[in-house]
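Structure first, then comments.
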Amino acid sequence: MTQDRAQPQRLTILGSTGSIGVSTLDVVSRHPQRFHVAALTSNLRIDTLLEQCKRFNPEYAVVMDAAAARVFEQRVVEAGLQTRVLCGTEALEKVASLPEVDTVMAAIVGIAGLRPTLAAAASGKKLLLANKESLVTAGALFMDTVRAGGARLLPIDSEHNAVFQSLPGNFNGDLNASGVRRILLTASGGPFRTTPLNQLVNVTPDQACAHPNWVMGRKISVDSATMMNKGLEVIETHWLFSVPPGCIEVVVHPESIVHSMVEYVDGSVIAQLGNPDMRTPIAHALAYPERIANGVNFLDLTSTGTLRFEKPDLRRFPCLALALDALRTGQGAATVINAANEVAVARFLGGALGYMDIPRLIESVLTSTHAPAAHSLAEVLELDRVARERAQKWTVQTKLPAYPGTPRAVARS
Ligand code: NAD
Ligand code: MG
């Protein structure tokens with residue numbers, strides 16, 4: 001077994017109160033000599049954040065909302081903690097780039113994570129990337145910032161972590177040189193993989209969030225049900241590993257045991273397997289290149305039974321088709337689908353839209369928004385703002401394509 005080091009790795013966990021944040025702290029708590037928590041952040045969940053501060057005693061805690069931050073600061077003082085309480089996006093950027101911090105876990109959900117994740121990239125941190133929306137919305141800019149800042153980017157998304165583990169150890173971003181033919185991204189198919197198409201229209205938020213294999217935050221759970229999550233992950237794969245869109249294939253694998261695969265020109269396919277538990281990729285990236293225990297149950301293939309693999313049905317999952325189309329169209333289109341999707345999912349979760357309105361809204365916003373490639377953060381955020389505004393205003397219009405159906409993106413693919 002590997003010995004814990006003398007100098008602990010100092011961590012900022014952006015989004016520490018979410019699903020990935022909590023799993024990260026679970027792994028960290030198993031190795032108190034190896035890791036020190038320097039900063040934790042939350043949007044609004046100050047009860048959870050306070051418990052985390054009591055347990056891990058970070059130097060900083062950030063709460064996004066100013067009023068909630070004041071209440072939180074009072075409670076930190078009452079608890080006798082030394083933690084400094086900060087507030088807002090600039091504070092997130094500050095804790096993501098503190099000179100004393102080695103590693104940043106980027107686990108805020110949505111484009112809200114972009115600025116602090118870029119700050120961590122620019123300041124050359126070991127950057128553990130869960131916030132896929134950063135790469136989707138700002139791909140080239142994001143990767144340029146990683147290179148310019150000298151950051152070490154390690155994927156947390158289970159599929160990308162699996163790809164990373166299945167690539168050669170000396171992979172330098174050149175797939176041809178490594179003899180890679182294709183990346184095979186697995187997808188569970190979510191809770192509605194076999195639901196009759198005519199019943200999808202009645203799906204409720206709780207049904208959409210009841211993922212068969214993974215426990216996750218509500219936004220990514222809905223994205224998994226619509227398979228927009230896989231679409232975002234195809235875009236993420238493109239940027240992370242410099243893979244042309246035509247060399248990424250999505251394979252539905254309902255058991256979520258094979259987390260993704262790399263196919264080589266000699267016919268070899270290398271896969272990473274494991275029980276579906278995000279503590280595996282989190283521990284892998286935290287300790288990289290070493291390996292540490294993380295409380296995950298070991299895989300017993302004899303009790304797992306049959307592993308199935310299927311082609312995705314784009315009529316059932318029009319959001320996947322829309323994302324694939326956006327990747328082929330260009331960076332601006334990816335920024336727009338991300339924004340439209342975030343708003344559509346929030347409106348669905350809030351009860352304002354039906355489940356099958358999600359792809360209708362996204363296609364409508366995508367086709368009506370001029371989306372040039374953005375070359376700066378300001379341009380990305382402006383395009384995001386425009387798309388978001390349109391998505392907020394979108395109402396169910398009968399003349400738009402009714403889903404389940406064949407959106408233009410499906411017809412083209
Ligand atoms: P979650 O909703 O459980 O947690 C999100 C975290 O972000 C919380 O700490 C919340 O307080 C914070 N947050 C939310 N809105 C914010 C805002 N406007 N400003 C600042 N902070 C904000 O989400 P999650 O499931 O942990 O997912 C986090 C990220 O990781 C997402 O990008 C998701 O796609 C990605 N991811 C998650 C999983 C998973 O298993 N949960 C797997 C792969 C990738
Ligand atoms: Mg994933």
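All ligand and atom numbering here is 1-based and tracks the order in the structure.
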Could you check whether the rings of F309 and H253 sit parallel, tilted or perpendicular, using 30° and 60° as the cut-offs? parallel
Look at the rings of F241 and H160 and say which category their plane angle falls in: under 30° parallel, 30 to 60° tilted, over 60° perpendicular. parallel
Under 3.5 Å, is there a donor on one side chain and an acceptor on the other for [X] and [Y]?
| X | Y | value |
| --- | --- | --- |
| S166 | Q272 | no |
| N297 | D277 | no |
| S97 | S123 | no |

Suppose the cut-off is 2.8 Å; how many protein N/O/S atoms fall inside it around the Mg ion (ligand 2)?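 Count of protein N, O, S atoms less than 2.8 Å from the Mg ion (ligand 2): 3.
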Please determine whether salt bridge (Lys or Arg N to Asp or Glu O under 4.0 Å) holds for the pair E389 and R385, giving the CA-CA distance in whole Å, both sets of side-chain angles, and the decisive distance to 0.1 Å. CA-CA 6 Å; E389 204 170 272; R385 189 193 63 74; 3.0 Å; yes
Near ligand 1, at a heavy-atom separation below 4.0 Å: residues by chain and residue number: G15, S16, T17, G18, S19, I20, S42, N43, M64, A107, I108, V109, A112, A130, N131, K132, E133, D157, M216, G217, I220, M278
Quick check on Q82: does its CD atom have over 12 non-hydrogen neighbours (other residues, nucleotides or ligands) under 6.0 Å away?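 No, not enclosed.
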Provide the closest heavy-atom pair for G217 versus S19 in the form atom of the first, atom of the second, distance.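 Heavy atoms only, the tightest pair is N-CB, 3.7 Å.
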SB check R347 E342 (cutoff 4.0 Å): no
